[in-house]
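The analysis underlying the following values was restricted to heavy atoms, covering all of them including side chains, and did not include hydrogens, waters or symmetry mates. Note that this is a predicted model, so its numbers are computed, not measured. Chain identifiers are assigned alphabetically (A, B, ...) following the order of the sequence lines, protein sequences preceding nucleic acid strands; residue numbering begins at 1 within each chain.
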Protein chains: 2
Amino acid sequence: MKKENITIYDIAKEANVSPATVSRVLTGNAKVRPQTMRKIVDVIEKYNFRPNSLARSLLHKQSKTIGFILPDINHPFFSTLVQKSEAFALELGYTTFLCNTMNNSENESKYLQSLVEKQVDGIIYLGGRINDTDTDQEYAEEMKKVMERVPVVFVNGQMSGVDAHIVRTDEESGVEMLVELLVNLNHKKIGFLGGLEGISSTDVKKNTFVNVMENKGLGVNKGWVLDAGFSIESGEEVAAKFLSLKERPTAVICANDLVAIGVIKVLTKFGLKVPDDVSVVGFDDIYLAKHFPPGITTISQNYDQLGQTAIKVLVDLINEKEAKKETVIPTSLVLRDSCKIFSEK
Amino acid sequence: MKKENITIYDIAKEANVSPATVSRVLTGNAKVRPQTMRKIVDVIEKYNFRPNSLARSLLHKQSKTIGFILPDINHPFFSTLVQKSEAFALELGYTTFLCNTMNNSENESKYLQSLVEKQVDGIIYLGGRINDTDTDQEYAEEMKKVMERVPVVFVNGQMSGVDAHIVRTDEESGVEMLVELLVNLNHKKIGFLGGLEGISSTDVKKNTFVNVMENKGLGVNKGWVLDAGFSIESGEEVAAKFLSLKERPTAVICANDLVAIGVIKVLTKFGLKVPDDVSVVGFDDIYLAKHFPPGITTISQNYDQLGQTAIKVLVDLINEKEAKKETVIPTSLVLRDSCKIFSEK
DNA sequence: CTGTTAGCGCATTCAG
DNA sequence: CTGAATGCGCTAACAG
C-alpha cells in the first residue's frame with residue numbers, strides 16, 4: 001500500500017480550522033487572518049504537506065500541462081528545440097510531458113491517447129506523421145479526433161485534411177540562401193544529399209533546390225539528388241553513393257547537419273578534402289555544426305523563436321484567443337569552413 | 001471555457017446501463033455480457049470517449065508515472081540514457097515526466113516539488129545535486145522530505161546523509177582500463193583533462209587515475225590534471241592550457257567524450273596530430289565518439305543496463321519489494337583510433 | 001452479470 | 001474573515 005497521504009483535512013484538523021481555510025492559504029485566492037494563516041502555514045511545514053495537483057486538475061478541468069510529441073530526443077535538432085520550448089512553457093506556468101515516439105507510429109498513437117487521458121491542456125507536435133508529405137487518412141482522422149478535445153500546434157509539419165495551427169521554419173528561403181552561396185562561390189554542379197522522399201521537409205528542400213537551380217539556368221543532374229535519411233549513418237551511406245558517381249558535383253547541400261557530418265566523414269576517409277575538393281553545406285545549425293571539422297556552413301534554425309512561437313500559439317488556443325493559423329520563422333545563413341570558391345584544377 | 005467533457009455517465013445514459021458497467025468495460029476488471037459490452041463500446045466510439053486518468057489516479061493513489069530529473073537533455077549521455085530508461089518504463093506500464101533542470105539548482109527544487117504534487121509514483125534522479133561530492137545539507141534535507149513520500153533512485157550519484165537506492169556505473173574500473181591501455185601503449189606521461197572538482201564523477205575518476213598511476217610506479221604531474229567542465233567548449237578551453245604546458249603528457253584521459261572532442265579539435269587546430277602526437281581517450285561512448293575523427297577510444301557506459309536497472313529498482317520500491325541498495329553496472333573499453341603506441345621521436 | 005453508493009483531495013459556492 | 005456542503009470523473013465494494 002501507499003503511505004497514507006496527508007490532505008488538507010489533516011492540516012485543517014491540526015490547525016483547528018476548516019479545510020476551506022487551508023485551501024485559501026494554499027491558493028492565496030481569499031483573505032485569511034494573518035494569525036490563522038501563520039498557524040496553518042506552520043502545520044503545513046510541519047508535515048511537509050503538498051497539495052495533490054491531480055485533485056486540483058480534476059476540479060479545474062485543466063492540468064496546466066502541455067504534451068510534446070517528437071520522433072527522437074537524441075537528435076540534437078529536437079533536443080534543442082524541446083529545451084527552448086520547455087523553458088518558455090515553464091515561464092508561462094505550464095509543465096510538460098515529453099513523448100519520444102522513437103520514430104514509431106504505434107507509439108505515436110499510444111502517446112496521443114495517453115496525453116488526452118492525462119488531460120493535457122494542449123499538444124505541441126514536433127514531428128512524426130506530420131512530416132509525411134502524403135498524409136495517411138487514418139492518421140488524419142485520429143488527429144482530428146484528438147483536436148476535438150485538445151488544441152494542437154504542428155511545428156514544421158502539416159496533415160492534409162487537418163486544419164491545424166502551424167508554426168514552421170522557412171525552409172525554402174534557407175535552401176535558397178545555400179544555393180545562392182554556392183553559386184556565388186562559382187559552383188555550377190551541385191547535388192542534394194540525404195533526407196527521405198515523402199518526408200515533407202526533404203521534399204520541400206529538394207523542390208526548392210531544383211527550382212532555384214533552374215531559375216539560375218543551372219541544370220540539376222537527377223543522379224546528384226540522393227535520398228538516405230537524417231542521421232550521420234545516412235550521410236555515410238549517401239557519401240558512398242556519391243563517391244561512385246561517374247561525374248561528381250563540386251558542391252552538395254545536405255538535408256541536415258548530421259547528414260553533412262556523415263558525408264564529410266566518408267569523403268575525408270576516401271581522400272577527398274572538404275572544402276578543397278568538395279564543398280558541403282548542412283541545415284539546422286545543431287551545436288555540432290561548429291565543432292565538426294572543418295566547421296559546417298549551414299542554415300540556422302531559429303530554435304528560440306520557433307519554440308516560443310509554438311508555445312505562444314498553443315497557449316492562445318488554450319485560452320481561446322485568436323491565433324495566427326500559420327507562422328513562418330525566418331532562418332539565417334551561418335558561414336563556416338566547409339565550402340569554398342570553386343576553381344578548375 | 002473548456003469544451004464539456006464527456007464522462008462515463010454520459011456514456012452510461014446513452015447506452016442504458018449504469019456508470020459502473022461502463023467502467024467495467026473500460027478496465028476489463030469484471031465480466032460484462034457481450035451484448036451489453038458491444039452497446040457500450042459503440043457509444044464510446046461514437047463519442048470518442050477517453051477516460052480521465054486524473055480521476056483514476058486520484059482514486060487509486062497511483063499515477064503510473066515516473067519522474068526523471070536530469071541536468072541537460074542536450075547532452076548525449078543524458079538523452080541516450082533517458083531514451084533507454086523511458087522505453088523500459090513504458091514496457092512496464094509507466095509513462096514518464098522529464099524534468100530538464102538546465103543545470104539550475106532552483107529548477108531542481110521546483111521540479112522536485114512539482115513531481116510530488118503530480119503524484120508521480122517514483123523518481124529517477126539522473127543528475128544534478130546528487131553529483132556534488134560534498135552534499136549541501138539543505139538539499140539533503142529537501143531530498144529526504146521528498147523521499148518520505150515518493151521512492152527515489154539515484155543514478156551515478158549520491159548524497160551524504162541520504163539513504164537512497166543507487167544504481168551506478170563502475171567508473172573506477174573504466175578509468176583503470178583506460179590507464180592500463182595507455183600504459184600498455186608505452187605511455188608514461190599521462191594527464192587527466194576536464195570535469196569539475198567537487199563533482200563526484202570527476203573526483204572519482206581523477207582519484208582512480210592518480211591511484212592507478214601510482215600503483216604502476218608512474219607519477220602524476222599535478223599540472224597535468226586540469227579541470228574545465230563537461231562540454232566541448234570545456235575541452236577546447238582545457239586544451240589551450242594543455243598547449244601552454246612546458247612539459248606535456250604524451251596521452252590524456254578526458255572526463256568524457258565531449259571534452260575529448262573539444263581537446264582533439266584544438267590540438268588538431270594547433271598542428272598536433274591525434275593520435276600521432278598525443279593520444280586522447282574519452283568516457284561515455286556517446287554516439288559521436290565513433291564519428292568524430294579520428295574516432296575516439298573510450299569507455300562505454302552500459303546505457304541499456306544502467307537505465308533498465310534504475311527503473312527496475314524503482315519499480316520494486318514502488319511495489320514495496322526488496323531492492324538492492326546499490327547496483328554497480330560494468331563498463332567496457334571501446335577501441336578506436338584516438339590513441340596509439342608511444343615511441344620517442 | 002449489473003446497479004447503487006461512496007469517496008479519492010481539492011476549491012468553490014453560499015451562509016454566517 | 002471563516003465553515004459546511006458540494007461535485008470534478010472514476011472505480012471498488014456491496015447488493016441484488
Within this structure, what is the CD1-to-C1' distance between A/Ile11 and D/dT2, rounded to whole angstrom? 18 Å

Using a cut-off of less than 4.0 Å, is there contact between a side-chain N or O of B/Thr36 and OP1 or OP2 of C/dT2? yes

Is the B/Tyr303-B/Phe77 ring centre distance short of 6.0 angstrom? yes

A/Ser200-A/Asn131 side chain donor-acceptor pair, cut-off 3.5 Å: no

Can you pull out every salt bridge (charged side-chain N to carboxylate O under 4.0 Å, His left out) where at least one residue sits in residues 89-106 of chain A? Sequence neighbours excluded, please. none

Check the side chains of A/Glu142 and A/Ser109 for a donor-acceptor pair under 3.5 angstrom, ignoring hydrogens and angles. yes

Rounded to the Å, how far apart are A/Glu117 CD and D/dT11 P? 10 Å

Compute the ring centroids of A/Phe97 and B/Phe97, then answer whether they are less than 6.0 Å apart. yes

Listing time: all N or O pairs from protein to nucleotides 7-11 of chain C that are below 3.5 Å?
from	atom 1	to	atom 2	distance (Å)
C/dG9	N2	A/Ala55	O	3.4
C/dC10	OP1	A/Asn52	N	2.9
C/dC10	OP2	A/Ile8	N	2.7
C/dC10	N4	A/Tyr9	OH	3.1
C/dA11	OP1	A/Arg56	NE	2.3
C/dA11	OP1	A/Arg56	NH2	2.9
C/dA11	OP2	A/Ser23	OG	3.0

What's the CG-C1' distance between B/Asp10 and D/dC8, to the nearest Å? 13 Å

Within this structure, what is the CD1-to-P distance between B/Ile44 and D/dG9, rounded to whole angstrom? 16 Å

So, applying side chain to side chain donor-acceptor pair (under 3.5 Å) with B/Thr95, which one of A/Lys110, A/Lys118, A/Glu117 is it? A/Lys118

Between P of D/dA4 and CG of A/Asn16, the distance in whole Å: 12 Å

Within the pair B/Thr21 and C/dG3, is there a side-chain N or O less than 4.0 Å away from OP1 or OP2? yes

